[in-house]
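To start, the structure under review is shown below, and the notes come after it.
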Amino acid sequence: MSERSALVELANFIGRSPLASPDMKVRNKALSGMTDRMLPRQKRSVGDLLGVVMALSARTRRMAHDPARVEIDVFSPDGLRALRMTLGQD
């Protein structure tokens with residue numbers, strides 16, 4: 001086991017985030033990176049639109065189908081049922 005307990009590690013914790021840096025340039029760069037990742041992409045391609053349309057189409061087709069019922073029977077080598085599992089509506 002480690003000699004350090006969770007409380008000792010917590011007491012010795014030093015923020016390693018670039019946001020905690022004393023250098024303003026480092027903090028601004030970190031903030032800029034975070035905001036760039038949060039903003040939506042400006043350019044959308046035809047492939048992006050096609051992917052959205054196909055995903056919505058597939059979801060609509062799946063919702064229109066009747067629910068499936070799956071039964072799994074597993075037998076041991078001596079012929080006795082080892083497992084029976086039923087998923088879905090009865």
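Just so it is clear, the values below take in all heavy atoms, side chains as well, and ignore hydrogens, waters and symmetry mates.
Residue-environment remark: CZ (Arg59) stays at or below the threshold of 12 foreign heavy atoms within 6.0 Å.
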Distance-only donor-acceptor pairs under 3.5 Å for side chains of residues 72-79, two or more places apart:
| unit_1 | atom_1 | unit_2 | atom_2 | d |
| --- | --- | --- | --- | --- |
| Ser76 | OG | Asp78 | OD1 | 2.2 |
| Ser76 | OG | Leu80 | N | 3.4 |
| Ser76 | OG | Leu80 | O | 3.1 |
| Asp78 | OD1 | Leu80 | N | 3.4 |

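Considering NZ of Lys29 and CG of Asp23, their distance stands at 11.0 Å, rounded to 0.5 Å.
By the side chain to side chain donor-acceptor pair (under 3.5 Å) test, Thr60 pairs with no residue at all, sequence neighbours left out. Not a single side chain to side chain donor-acceptor pair (under 3.5 Å) links Arg84 to another residue, sequence neighbours left out.
Counting heavy atoms from C-beta on, the side chains of Arg69 and Thr86 come closer than 4.5 Å.
Under a hydrophobic clustering in which Ile, Leu, Val, Met, Phe, Trp and Tyr are joined whenever their side-chain heavy atoms come within less than 4.5 Å, directly or via other members, Met54 and Val52 fall into different clusters.
Although no hydrogens or angles enter the test, the distance criterion places no donor-acceptor pair under 3.5 Å between the side chain of Ser57 and the main chain of Val53.
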